[in-house]
Amino acid sequence: MNYWLMKSEPDVYSIADLRRDKFSIWDGVRNYQARNFMREMSLDDLVFFYHSNTKTPGIVGLARVVETGIADPTQFDVNSEYYDAKSQLDAPRWQTVRVEFVEEFANLISLDELKAKFSADEILVVRKGNRLSVMPISESAAQKILKLR
């Protein structure tokens with residue numbers, strides 16, 4: 001099993017939304033490196049759900065990958081802000097995964113707390129200037145994060 005961190009703005013899609021929906025595709029990713037990380041995901045990988053672009057950003061819960069290799073439908077929707085005119089139905093440029101809700105943490109693990117406990121070499125989310133919405137988390141870092149919840 002691998003571990004990942006996926007960011008979402010809580011006013012766009014929050015951990016509470018995932019809890020309510022139980023399952024969701026992770027659509028709208030338009031960064032090639034983040035997309036490539038999603039291509040590396042496997043069934044049952046665990047995902048740290050991170051709320052970004054909020055007063056106190058941080059990890060708020062866990063999700064699990066339940067389906068991989070999904071063509072992101074927003075790339076074909078001309079009314080979507082994520083529409084990609086260069087993407088073809090028979091060769092989609094953007095793939096995604098489906099995740100299921102696992103757990104909402106009792107307390108947010110803030111970015112400040114992550115910065116205090118991890119180096120930028122340990123987890124990418126604390127690296128200055130990092131804007132990726134999807135990133136890998138090492139087994140050792142994942143275990144440390146799980147102990148913080």
Side-chain angles (χ1 to χ4, degrees), residues 1-19 21 23-77 80-87 91-105 108-149:
M1 172 183 12
N2 295 309
Y3 297 89
W4 306 90
L5 184 142
M6 297 170 80
K7 294 180 181 178
S8 180
E9 296 177 14
D11 62 336
V12 174
Y13 197 79
S14 70
I15 189 73
D17 294 324
L18 183 58
R19 183 181 61 238
D21 298 342
F23 298 91
S24 181
I25 62 169
W26 206 265
D27 60 0
V29 172
R30 292 299 180 269
N31 173 285
Y32 285 105
Q33 187 174 8
R35 181 215 50 197
N36 291 343
F37 284 143
M38 284 198 296
R39 286 180 172 176
E40 293 176 25
M41 291 180 179
S42 299
L43 297 178
D44 295 323
D45 282 357
L46 284 179
V47 174
F48 292 100
F49 196 119
Y50 183 98
H51 280 173
S52 63
N53 199 22
T54 186
K55 183 178 179 182
T56 307
I59 298 172
V60 294
L62 278 175
R64 177 179 295 111
V65 176
V66 295
E67 188 177 352
T68 61
I70 301 167
D72 183 336
T74 62
Q75 67 192 306
F76 305 117
D77 180 355
S80 171
E81 66 181 292
Y82 302 110
Y83 175 68
D84 183 344
K86 294 181 181 177
S87 194
R93 294 169 73 174
W94 305 104
Q95 287 79 35
T96 189
V97 296
R98 184 177 316 279
V99 296
E100 73 174 339
F101 175 82
V102 172
E103 174 185 356
E104 183 172 0
F105 294 166
L108 169 131
I109 304 169
S110 72
L111 178 58
D112 287 342
E113 185 175 359
L114 293 171
K115 286 179 178 180
K117 298 194 183 304
F118 296 93
S119 72
D121 292 330
E122 289 178 289
I123 58 173
L124 294 174
V125 74
V126 303
R127 184 170 290 159
K128 190 171 179 81
N130 178 41
R131 306 268 308 147
L132 283 177
S133 61
V134 178
M135 61 198 77
I137 300 285
S138 70
E139 169 88 26
S140 61
Q143 294 309 315
K144 284 172 64 175
I145 293 168
L146 289 169
K147 288 177 183 174
L148 296 173
R149 66 180 174 183

>> Rounded at 0.5 Å granularity, tell me how far CE in Met41 sits from CG in Leu46.
In response: 11.0 Å
>> I want to check something: taking the side chain as every heavy atom from C-beta on, are Met135 and Gln33 in contact at a cut-off of under 4.5 Å?
In response: no
> Nearest 0.5 Å, what's the OG1-CE distance between Thr96 and Met6?
Replying inline: 6.0 Å
> Do Leu5 and Ile123 come close enough that some side-chain heavy atom pair is under 4.5 Å?
Replying inline: no
> Could you go step by step and tell me if Val65 and Val47 meet the side-chain contact (heavy atoms from CB on, under 4.5 Å) rule?
Replying inline: CA-CA 7 Å; Val65 176; Val47 174; 3.9 Å; yes
> Going by the salt bridge (charged side-chain N to carboxylate O under 4.0 Å, His left out) test, which pairs reach into residues 37-48, not counting sequence neighbours?
Replying inline: none
> Side-chain contact, heavy-atom cut-off 4.5 Å: Tyr50 with Ser133?
Replying inline: no
>> Keeping Asp84 on the side-chain end and Gln75 on the backbone end, is there a donor-acceptor pair under 3.5 Å?
In response: no
> So which pairs with a foot in residues 53-65 pass side chain to side chain donor-acceptor pair (under 3.5 Å), sequence neighbours left out?
Replying inline: Glu9-Asn53, Arg64-Glu100
>> Given 3.5 Å as the limit, does a donor-acceptor pair link the side chain of Asp72 with the main chain of Gly28, or not?
In response: yes
> Within a strict 4.5 Å, meaning less than it, do heavy atoms of the Trp4 and Phe48 side chains meet?
Replying inline: no
>> Would Leu111 and Val126 count as a side-chain contact (heavy atoms from CB on, under 4.5 Å) here? Give the steps.
In response: CA-CA 7 Å; Leu111 178 58; Val126 303; 4.3 Å; yes
>> Please tell me whether Ser14 and Asp17 have a donor and an acceptor in their side chains that are separated by less than 3.5 angstrom.
In response: yes
> At their closest point, which heavy atom of Leu124 faces which heavy atom of Pro136, and how far apart are they?
Replying inline: CD1-CD, 4.2 Å
> Do NZ/NE/NH1/NH2 and the carboxylate oxygens of Glu122 and Lys144 come within less than 4.0 Å?
Replying inline: yes
>> Nearest 0.5 Å, please: how far is CG in Asn31 from CG in Leu132?
In response: 5.0 Å
>> List the residues meeting ring pair (Phe, Tyr, Trp, His ring centres under 6.0 Å) with Phe49, not counting sequence neighbours, and say none if there are none.
In response: Trp26, His51
>> To check you understand the geometry: which heavy-atom pair defines the closest contact between Ser87 and Pro92, and what is its length?
In response: OG-CA, 3.4 Å
>> Has Asp21 got a side-chain atom pairing as donor or acceptor with Ser24's backbone, closer than 3.5 angstrom?
In response: no
> CD1/Ile109 to CG/Leu148 distance, rounded to the nearest 0.5 angstrom?
Replying inline: 5.0 Å
> Given Phe101 and Ile15, is the side-chain contact (heavy atoms from CB on, under 4.5 Å) satisfied, shown in steps?
Replying inline: CA-CA 8 Å; Phe101 175 82; Ile15 189 73; 4.0 Å; yes
> Does Arg149 reach the main-chain N or O of Leu146 with its side chain, forming a donor-acceptor pair under 3.5 Å?
Replying inline: yes
> Is any side-chain N of the basic residue among Arg127 and Asp121 closer than 4.0 Å to the acidic one's carboxylate O?
Replying inline: yes
> Within a strict 4.5 Å, meaning less than it, do heavy atoms of the Ile25 and Pro73 side chains meet?
Replying inline: yes
> Side chains of Val99 and Val66: closer than 4.5 Å at any heavy-atom pair?
Replying inline: no
>> As an exercise, state the distance from OG of Ser138 to OH of Tyr3, rounded to the nearest 0.5 Å.
In response: 10.0 Å
> Under the 3.5 angstrom rule, does the side chain of Ser8 hit a backbone N or O of Tyr13 as a donor-acceptor pair?
Replying inline: yes
> Any donor and acceptor pair, going by atom type alone, linking the side chain of Arg30 with main-chain N or O of Tyr83 inside 3.5 Å?
Replying inline: no
>> Can you confirm if the aromatic rings of Trp94 and Tyr32 lie within a centre distance of less than 6.0 Å?
In response: yes
>> What verdict does the side-chain contact (heavy atoms from CB on, under 4.5 Å) test give for Met38 and Gln95, after you've listed the backbone C-alpha separation in whole Å, the side-chain angles of each residue and the deciding distance to 0.1 Å?
In response: CA-CA 7 Å; Met38 284 198 296; Gln95 287 79 35; over 6 Å; no
> What distance do Phe118 atom CZ and Ile137 atom CD1 have between them, rounded to the nearest 0.5 Å?
Replying inline: 8.0 Å
